[in-house]
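Just below is one structure, and these are the notes that go with it.
FYI, side chains are in, hydrogens and waters are out, and symmetry mates aren't considered; it's all heavy atoms of this structure. Numbering of ligands and ligand atoms starts at 1, following listing order. Each residue takes its place number in the sequence, starting with 1.
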Amino acid sequence: MTNRRRIGVLTSGGDCAGLNAVLRAVVQRAVEGYGWHVVGIHKGTAGLLSRPVEAETLDLSRFQGELLRRAGTILGTTNKGNPFNFPLPDGRRLDRSEEIVEGFRELEIEGLIGIGGDGSLAILSRLCEKADLPLIGIPKTIDNDVAGTEVAIGYATAVGVATDALDHLQPTAASHDRIMVLEVMGRDAGHIALAAGIAGGADIILVPEIPYSLDNLKRKIDELRRRDRNFALVVVAEAVRTEEGEAVTASPGAAKARYGGIGHYIGQKLAEATGAEVRVTVLGHVQRGGTPVPRDRLMASIFGVHAVDLLAAGKRDRMVAWSGRTVTDLALVDVVDQPHRVDPQGALVHAARGLGICLGDR
Ligand SMILES: Nc1ncnc2c1ncn2[C@@H]1O[C@H](COP(=O)(O)OP(=O)(O)OP(=O)(O)O)[C@@H](O)[C@H]1O
Ligand SMILES: O=P(O)(O)OC[C@H]1O[C@](O)(CO)[C@@H](O)[C@@H]1O
Ligand SMILES: [Mg+2]
């Protein structure tokens, strides 16, 4: 072994567009800028539970130009199997965090860059504390629900995909006199729905942060009809509940519920209330792929370089962030476990109301 400094990098949580661009930036800065050795850990924390640990050396030859443009993550990722509460086949739970600490030691790394959402960063933060390993987090998630940063990588591309979907739905809605309901992802936050709904000219946007009534939705459709509009576009965030307050999940009974289906509920109710022909599109994982838009590539590049610089400066337990038109960083403890939700008094909600978009509450 040489005495070049070794760092690890992993991607964790749901994949999104722009992860490979972050890896490129991290490797470029660490290898070229500081002369370090970079170990890419496979499948998030899952790779650290395997023996030998599943990992590969990441060098500049891996990033010849194509990966900047490609969604997904070359390292793989996981959004299940919390090592502190690992599910066994017989239903029991096991704390496997010590195995992860051993995995870090096997790799002989002196620092870790963890690219993840709030759930991943919370888990990684506990693991690195246990291993006494400096951690720098990079926020990524299409949901954009990480606190302390205006943007997380992957969000801009997901909003672009959802906006494109509305662009595709509008002509067919108008051709057939239909109401089109589009269900989008976002976990417990409505950021994708709100942004894509505004950008894509939606008439109604439902987000979990703002309670709605079906009567208000009907009133909006009636108003559109009075103005001779023969179609309507409705965007629903996946975590919106039924009018009775029930979450709609695609995996009833599973230990961890996955949202899915509220679009069909809203579509059915709108059809009954208005007599209109309604069609429902559930956009799903399409939002996680696609070519990363320039904004995501740019943030990925800025965050990747800054994360390596922070490790080089001897910093630990920080998350890089974008705030006030610049890159910054803040303590991880201040961001994990406090998801950033849509602010019902915020600028986007205000703009939506100003545009006459119905948010379901009036
Ligand atoms: N490394 C991991 N190992 C096991 N489970 C994980 C890991 N990272 C996240 N999880 C869990 O998977 C779920 C993913 O949801 P969460 O939204 O928190 O993921 P994330 O990392 O924030 O990324 P994203 O929001 O893009 O999916 C959470 O319940 C989280 O606890
Ligand atoms: O990939 P899975 O396990 O179906 O998870 C889907 C969830 O992941 C996300 O795509 C990202 O957190 C959410 O928007 C969605 O609820
Ligand atoms: Mg998350």
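Nearest to the Mg ion (ligand 3), among the N, O or S atoms that D118 has, is OD1.
Looking at Q170, its side chain never comes within 3.5 Å of a backbone N or O of D167 through a donor-acceptor pair. E209 places no side-chain N or O within 3.5 Å of a backbone atom of P344 that could act as its donor or acceptor partner.
Listed by number with element, the atoms of ligand 2 under 4.0 angstrom from any heavy atom of H285 are 1 (O), 2 (P), 4 (O). Those atoms of ligand 2 with a heavy atom of E238 less than 4.0 angstrom away are 13 (C), 14 (O), 15 (C), 16 (O).
Annotation: I142 places no N or O atom under 3.5 Å from an N or O atom of ligand 2; distance criterion only. For the pair Y259 and ligand 2, the shortest N or O to N or O distance does not fall below 3.5 Å.
Under the 3.5 Å distance criterion, with hydrogens and angles disregarded, no donor-acceptor pair is assigned to the side chains of T274 and K218.
The environment of K43 atom NZ is sparse: at most 12 non-hydrogen atoms of other residues, nucleotides or ligands sit within 6.0 angstrom.
For R258, every heavy-atom contact with ligand 2 shorter than 4.0 Å involves the side chain, none the backbone. Counting heavy atoms under 4.0 Å from ligand 2, residue Q287 does not touch it at all.
In this structure, R93 is not positioned above the aromatic face of F86 in the sense of NZ or CZ being under 6.0 Å from the six-membered ring centre and within 45° of the axis.
The side chain to side chain contact (heavy atoms under 4.5 Å, CB included) test with L133 is passed by exactly one of V101, L124, I109: I109.
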